[in-house]
Amino acid sequence: MPNAGKTISELLIYSNEKLSAAKVDTPLLDSQILICHALGVSKTYIIAHSDQIVPDEKVNLILNWIERRSQREPVPYITGVKEFYGMNFTITSDVLIPRPETELLVSYAIKHLAGKNESFVADIGCGSGIIAICVAKFVLNSSVIATDISDKALEIASLNAKKLGVDNISFYLVDLIKPLHKQKYDIILSNPPYIPTDELSNLQPDIINYEPYIALNGGFDGLDLHRRLIATAPEYLKSSGMLAVEIGIDQSNQVFEMFSGAGFTNIEILNDYSQIPRIISGRVG
Ligand code: GLN
């Protein structure tokens, strides 16, 4: 496509066709997001000014981004941001892209902690930091720890905390969990990797070719991390403290058994908006 004198609408038509041919799920929406982001304008703006000529250097950038998306690189890795729980998080290919299902875990935790005088919270495998940051921001008097085994993920998570004005989180490069100042937790939260290793190769190229393998791979049945966390969490929880984790499709029965086997009570399962059991929680003691 010759670059000079292109309008927004010509770029949208070109991009929509190219992304459709590349079998991207939402070609027009993705084209709009990339063009809006490159121009620093809203979707309303590009709709209302579709015949506006785009400056050449922006056209070059947009064509480069469209090319990347047509190779199935996810939009948030191209733009560097993803909206979650009403906030914009910085995202790089070192972290899992936040999924809307995880908003359920966050709102469940916030509701559970509302009204407490103070709350001690752990987010295990924090990735971009979404869970820890939302809870730290929306739960008054909360002290949060966020852990990950990836130092690059922790860098992104602490950058996000700073950018979003949250200063009540401590970040730790550890496997699973550690106590905060010998303090036990009111709630331990996690969205661990939960894709069975065998199924990774069936994932869309957008996911398997771009998202961090360690953030996706849950071991032979997808539940390696759940198994370890459910076994370890009770010693870190206050009496009647809660563990709440995200799970994948068809994992609720097995994870329910793990919770009850580890002595958790009041076990609850929450469905997502596709009616898939997605969050499971239990209390100790
Ligand atoms: N907690 C982060 C998220 O929910 C990272 C999860 C992960 O890397 N598996 O996006």
Side-chain angles (χ1 to χ4, degrees), residues 33-34 37 61 64-65 68-69 71-85 87-103 105-106 109 121-137 143-180 188-197 199-201 203-219 222-226 228-229 232 236 245-246 248:
I33 296 173
L34 292 174
H37 201 85
L61 177 69
N64 173 277
W65 284 4
R68 284 168 65 182
R69 185 66 189 114
Q71 303 294 320
R72 306 293 291 267
E73 184 172 350
V75 170
Y77 292 150
I78 301 173
T79 60
V81 294
K82 174 76 184 173
E83 189 267 348
F84 179 87
Y85 219 82
M87 293 183 280
N88 280 329
F89 287 83
T90 293
I91 298 299
T92 69
S93 56
D94 292 314
V95 295
L96 191 81
I97 297 166
R99 303 296 202 274
E101 289 79 10
T102 310
E103 291 175 333
L105 178 62
V106 168
V121 181
D123 171 15
I124 309 306
C126 67
S128 59
I130 49 170
I131 299 172
I133 291 168
C134 292
V135 172
K137 199 169 175 87
S143 302
V144 180
I145 71 147
T147 72
D148 209 288
I149 50 166
S150 157
D151 54 346
K152 292 198 173 132
L154 285 172
E155 262 175 45
I156 301 299
S158 44
L159 176 100
N160 276 320
K162 201 173 288 168
K163 210 180 72 175
L164 295 165
V166 169
D167 61 6
N168 45 335
I169 308 181
S170 316
F171 295 92
Y172 295 101
L173 183 66
V174 296
D175 186 18
L176 286 188
I177 190 162
K178 75 185 283 294
L180 175 66
I188 297 174
L189 301 165
S190 186
N191 174 24
Y194 52 67
I195 317 273
T197 309
E199 290 174 22
L200 288 167
S201 58
L203 294 172
Q204 293 201 357
D206 315 49
I207 300 175
I208 193 59
N209 293 343
Y210 290 95
E211 299 205 64
Y213 185 82
I214 51 161
L216 298 169
N217 178 28
L223 294 171
D224 276 6
L225 266 293
H226 295 75
R228 288 175 57 215
L229 184 58
T232 322
Y236 292 94
V245 296
E246 188 170 318

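A distance of 10.0 Å separates OH of Tyr194 from CG of Leu216, quoted to the nearest 0.5 Å. Taken from CD1 in Ile97 to OG in Ser128, the straight-line distance is 10.0 Å, to the nearest 0.5 Å. The line from CD1 of Ile195 to OH of Tyr213 is 11.0 Å long, rounded to the nearest 0.5 Å. To the nearest 0.5 Å, atoms OH (Tyr210) and CD1 (Ile78) are separated by 8.0 Å. For the atom pair OG of Ser143 and CD1 of Ile169, the computed distance is 10.5 Å after rounding to the nearest 0.5 Å. Note that CD1 of Ile208 is 11.5 Å distant from CD of Glu199, once rounded to the nearest 0.5 Å.
In this structure, the side chains of Tyr85 and Lys137 stay at 4.5 Å or more apart for every pair of heavy atoms. Contact of the Arg69 side chain with the Asp206 side chain is registered, since non-hydrogen atoms from C-beta on lie closer than 4.5 Å. Looking at heavy atoms from C-beta onward, Pro193 lies out of side-chain contact with Asn217 at the 4.5 angstrom threshold. Using a 4.5 Å heavy-atom threshold, the side chains of Val135 and Leu189 count as touching. Within the 4.5 Å cutoff, no side-chain heavy atoms of Thr147 are placed close to those of Ile177. Using a 4.5 Å heavy-atom cutoff, the side chains of Val106 and Ile130 are not in contact. Between Lys152 and Thr92 there is no side-chain heavy-atom pair separated by less than 4.5 Å. At least one side-chain heavy atom of Leu176 sits under 4.5 Å from a side-chain heavy atom of Leu225.
Here the shortest heavy-atom pairing between Tyr77 and Val95 reads OH-O, 2.7 Å. Looking at every heavy atom in both residues, Leu105 comes nearest to Ile131 through CD2-CD1, 3.8 Å. Across all their heavy atoms, His37 and Val81 have their closest contact at CE1-CG2, 3.7 Å. Considering all non-hydrogen atoms of both residues, Ile214 and Ser150 come closest at CD1-CB, 4.3 Å. The two residues Ser190 and Ile124 make their nearest non-hydrogen contact at OG-O, 2.7 Å.
Judged purely by atom type and a 3.5 angstrom limit, Thr197 uses its side chain to pair as donor or acceptor with the backbone of Gly219. Asn160 contributes a side-chain N or O that, together with a main-chain N or O of Thr90, makes up a donor-acceptor pair within less than 3.5 Å. Not one N or O on the side chain of Asn191 forms a donor-acceptor pair closer than 3.5 Å with the backbone of Glu246. Of the possible donor and acceptor atoms, none in the side chain of Lys82 sits under 3.5 Å from a partner among the backbone N and O of Ile91. The backbone N or O of Cys126 sits less than 3.5 Å from a side-chain atom of Asp148, completing a donor-acceptor pair.
For Lys162, the NZ atom is loosely surrounded, since the number of other residues' heavy atoms within 6.0 Å does not exceed 12.
Taking 4.0 Å as the cut-off between side-chain N and carboxylate O, Arg99 and Glu211 count as a salt-bridged pair.
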Criterion side chain to side chain contact (heavy atoms under 4.5 Å, CB included) on Glu155 and Asp94, from CA distance to verdict
CA-CA 10 Å; Glu155 262 175 45; Asp94 292 314; over 6 Å; no

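Taking the side chain to side chain contact (heavy atoms under 4.5 Å, CB included) definition, one finds that Asn209 meets it with Pro205, sequence neighbours left out.
Ring pair Phe84/Phe89 is perpendicular by interplanar angle, where above 60° counts as perpendicular and below 30° as parallel.
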